[in-house]
Amino acid sequence: MNIVINGKQETVVLSEPTLTNLLAVYSLQGKAVIVESNGQIVPKEKMESTKVQEGDRIEIVQFVGGG
């Protein structure tokens, strides 16, 4: 499936087309991230039920600690 992730066209293969599985592909599952799907922020509790579809625009912001 072709989607836009953080402004880049990407082709991804998901066993089940959910945001949770998309995060797993990028090794971000369980990490502190905020995900926006097609302009809407997706609450953490809705990641599993939010479907990813062809042409979606996904923004993923990961929090990184440091000093």
J.: Using the side-chain contact (heavy atoms from CB on, under 4.5 Å) criterion, which residues pair with Glu45? Sequence neighbours excluded.
T.: Pro43
J.: For Asn38 and Arg57, indicate whether the former's side chain and the latter's backbone hold a donor-acceptor pair under 3.5 Å.
T.: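 Here the side-chain-to-backbone pair exists.
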J.: Identify the two heavy atoms, one from Gln29 and one from Thr20, that lie closest to each other, and give their separation to 0.1 Å.
T.: NE2-CG2, 3.1 Å
J.: Looking at CG of Asn2 and CD of Gln9, how far apart are the two atoms once the value is rounded to the nearest 0.5 Å?
T.: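 Output value for this atom pair is 5.0 Å.
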J.: Linking Ile, Leu, Val, Met, Phe, Trp and Tyr by side-chain heavy atoms under 4.5 Å, what else ends up with Val52?
T.: Met1, Ile3, Ile5, Val12, Leu14, Leu19, Leu22, Leu23, Val25, Tyr26, Leu28, Val33, Val35, Val42, Met47, Ile58, Ile60
J.: For the atom pair NZ (Lys46) and OG (Ser37), what is the distance rounded to the nearest 0.5 Å?
T.: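 OG of Ser37 is found 12.5 Å from NZ of Lys46.
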J.: For Glu59 and Gly7, work out which heavy atoms get closest and say how close.
T.: OE2-N, 3.6 Å
J.: Can you confirm whether Asp56 sits close enough to Val4 that some side-chain heavy atom of one is under 4.5 Å from a side-chain heavy atom of the other?
T.: no
J.: From Asn6 CG over to Glu36 CD, what is the distance, rounded to the nearest 0.5 angstrom?
T.: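 Nearest 0.5 Å value for the CG-CD distance: 10.0 Å.
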J.: Within the structure provided, determine whether Thr18 and Ser49 are in side-chain contact (heavy-atom separation under 4.5 Å).
T.: no
